[in-house]
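One structure below.
In each ligand, atom 1 is the first atom listed, and ligand 1 is the first ligand listed. Numbers here simply count residues along the sequence, with the first being 1. These numbers come from a predicted model, not from an experiment.
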Amino acid sequence: MKVLMNAGPWLPVPPDGYGGIENIVATLVPPLRELGVEVVLASVGTSTLAVEELVSVFPEGQFRQLQRPYNQVNGVVPAHQHAVVRAVRERSDIDLVHDHVEAAGLATLAALGPDDPPVLHTLHWDLLKHPELYGTFDGGGRVWVNGVSADQVARAPEALRAHAVGHVHLATPLAEGADQRRPPEKGGHVVILGRITPGKGQDLGVRLAHRYGFDLVLAGPVGPYHSPADLAAVSTSDNPDVAYFRERVEPYVDGWRVRWLGTVRPPARDDLVAGARAVLAPLRWSEPGGTFVVEALALGTPVVGLAKGCLPELVDHGRTGFLTEDEEELPDLLEAAAKLDPAESMREAAARFTPAVMAARYLELYRQVVASASSDRGR
Ligand code: UDP
């Protein structure tokens with residue numbers, strides 16, 4: 001099977017640190033190729049992932065363009081998608097397009113003709129976005145979607161859900177051989193790992209840390225700012241995450257009970273998480289896929305959080321973490337997490353969240369989509 005994997009124009013694959021979707025593509029492609037799938041990657045020129053062929057129109061990632069006004073950047077995705085559509089049309093050997101480009105990927109690939117290859121579009125994001133597209137979507141029997149958790153798909157608008165072939169949980173290379181590694185030495189601190197933004201609930205975490213007296217470390221960017229020094233240099237900003245941080249999180253960051261480190265990249269990120277008593281998820285939104293959850297488990301760190309989004313699918317309450325509906329219970333559960341066996345989390349990650357498990361599941365979906373598209377053409 002030959003798949004055109006569309007990772008979009010924003011960052012190279014693998015990305016240099018930050019880049020959720022590009023990281024997932026970099027995690028998925030090597031085990032897919034081991035399963036015999038040939039991969040044509042649509043990305044930017046600086047991508048270094050080993051594939052059969054690279055299709056690109058931009059020499060390098062266009063991520064920095066996202067800070068510019070819409071009318072100056074609205075050609076970026078169309079230019080990339082145009083190259084993808086041309087590549088699909090000019091050659092007859094693509095069996096399936098696996099697309100990861102938010103909204104525009106779905107719309108442009110649905111506009112191809114009945115003789116063009118079928119498409120599997122992975123929904124990596126919050127499906128309350130783009131209601132006009134998702135609420136009216138018609139894939140014409142050629143375009144199918146998958147979510148990154150069952151909860152996410154269940155919440156999708158009906159028209160989009162009608163195109164869903166299921167969900168595939170996210171994977172992390174850290175899960176590979178996690179059951180063979182020695183469980184980490186634990187410190188007393190708790191970590192919230194992720195972008196600082198209202199959905200991730202850092203404001204609740206910092207208040208609980210002060211009220212109940214536990215040490216909390218926040219790791220993650222605030223909007224485009226990756227370090228406290230970068231953010232301090234900015235006096236005014238339209239970015240809503242900057243306002244959230246300044247008004248609701250920063251007043252509690254005292255450098256002792258609560259610390260904000262900015263973005264922490266591997267391997268320092270992995271040491272920080274592995275050494276933590278727990279990773280805290282005081283979520284306000286329905287977390288769609290939760291990369292940080294599978295990473296924490298792979299590093300032997302239980303996850304304690306509010307039972308929202310994908311968390312109940314990923315965390316086994318009482319074994320690999322604790323979940324609750326009641327935010328006031330979180331501090332007691334953080335205490336209890338210290339008594340969980342880190343080896344249980346590592347075993348769980350090695351069984352469920354490796355790149356090989358994710359690739360095998362995608363290959364099943366590819367076969368299902370190709371089969372249903374060919375039976376449609378035969379009608
Ligand atoms: N991340 C990181 N350093 C940080 C904060 C986050 O490397 O300081 C990584 C984190 O480990 C995960 C990704 O950024 O791999 C965030 O993905 P997730 O699905 O958890 O959240 P999203 O931002 O996609 O909602």
Side-chain angles (χ1 to χ4, degrees), residues 7-8 10-11 13-28 63 66 100 102 122-129 147-149 151-152 167-175 189-202 205 216-231 239-241 244-245 249 253 259-276 279-301 303 305-306 308-311 313-315 321 349 353 355 358:
W10 302 118
L11 292 164
V13 182
D16 173 24
Y18 174 79
I21 290 168
E22 294 79 4
N23 264 318
I24 287 296
V25 171
T27 301
L28 172 62
F63 188 73
L66 289 173
H100 302 266
E102 183 166 0
T122 297
L123 300 157
H124 290 273
W125 31 84
D126 171 9
L127 303 184
L128 297 179
K129 291 165 92 180
V148 289
S149 65
D151 177 84
Q152 180 208 27
H167 67 276
V168 185
H169 286 142
L170 297 171
T172 169
L174 296 168
H189 65 281
V190 170
V191 172
I192 301 180
L193 178 66
R195 291 175 289 135
I196 299 193
T197 187
K200 307 268 182 187
Q202 281 93 351
L216 180 63
V217 179
L218 308 178
V222 174
Y225 306 108
H226 288 280
S227 74
D230 285 355
L231 184 61
N239 189 299
D241 291 342
Y244 168 71
F245 178 76
V249 179
V253 178
R259 290 183 292 147
W260 172 49
L261 305 182
T263 301
V264 184
R265 297 198 160 82
R269 176 199 69 183
D270 301 345
D271 292 341
L272 176 73
V273 172
V279 159
L280 178 62
L283 300 175
R284 301 221 185 276
W285 76 331
S286 297
E287 180 77 30
T291 314
F292 77 91
V293 178
V294 300
E295 289 168 345
L297 299 179
L299 291 164
T301 300
V303 176
L306 295 176
K308 293 206 167 91
C310 63
L311 259 69
E313 295 168 48
L314 304 181
V315 177
F353 305 125
M358 177 168 70

Any sub-3.5 Å donor-acceptor pair from S149's side-chain atoms to P288's backbone N or O?
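Yes, the answer is positive, given that a donor and an acceptor are paired below the 3.5 Å cut-off.
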Report yes or no: does Q152 contribute a side-chain atom to a donor-acceptor pair with the main-chain N or O of W125 at less than 3.5 Å?
yes
May I ask you to decide if the ring planes of H124 and H100 are parallel, tilted or perpendicular, using 30° and 60° as cut-offs?
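Tilted.
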Euclidean distance, L170 CG relative to T27 OG1, rounded to 0.5 Å:
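The OG1 atom of T27 sits 9.5 Å away from the CG atom of L170.
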Heavy atoms, side chains only, cut-off 4.5 Å: are V190 and V217 in contact?
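Contact flag for V190/V217 side chains = no.
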Between E313 and H169, does the side-chain hydrogen bond (donor to acceptor under 3.5 Å, both in side chains) criterion hold? Intermediate values first, please.
CA-CA 9 Å; E313 295 168 48; H169 286 142; 2.8 Å; yes
List by chain and number: which residues place a heavy atom under 4.0 Å from ligand 1?
L193, G194, R195, K200, A219, G220, G262, T263, V264, R269, T291, F292, E295
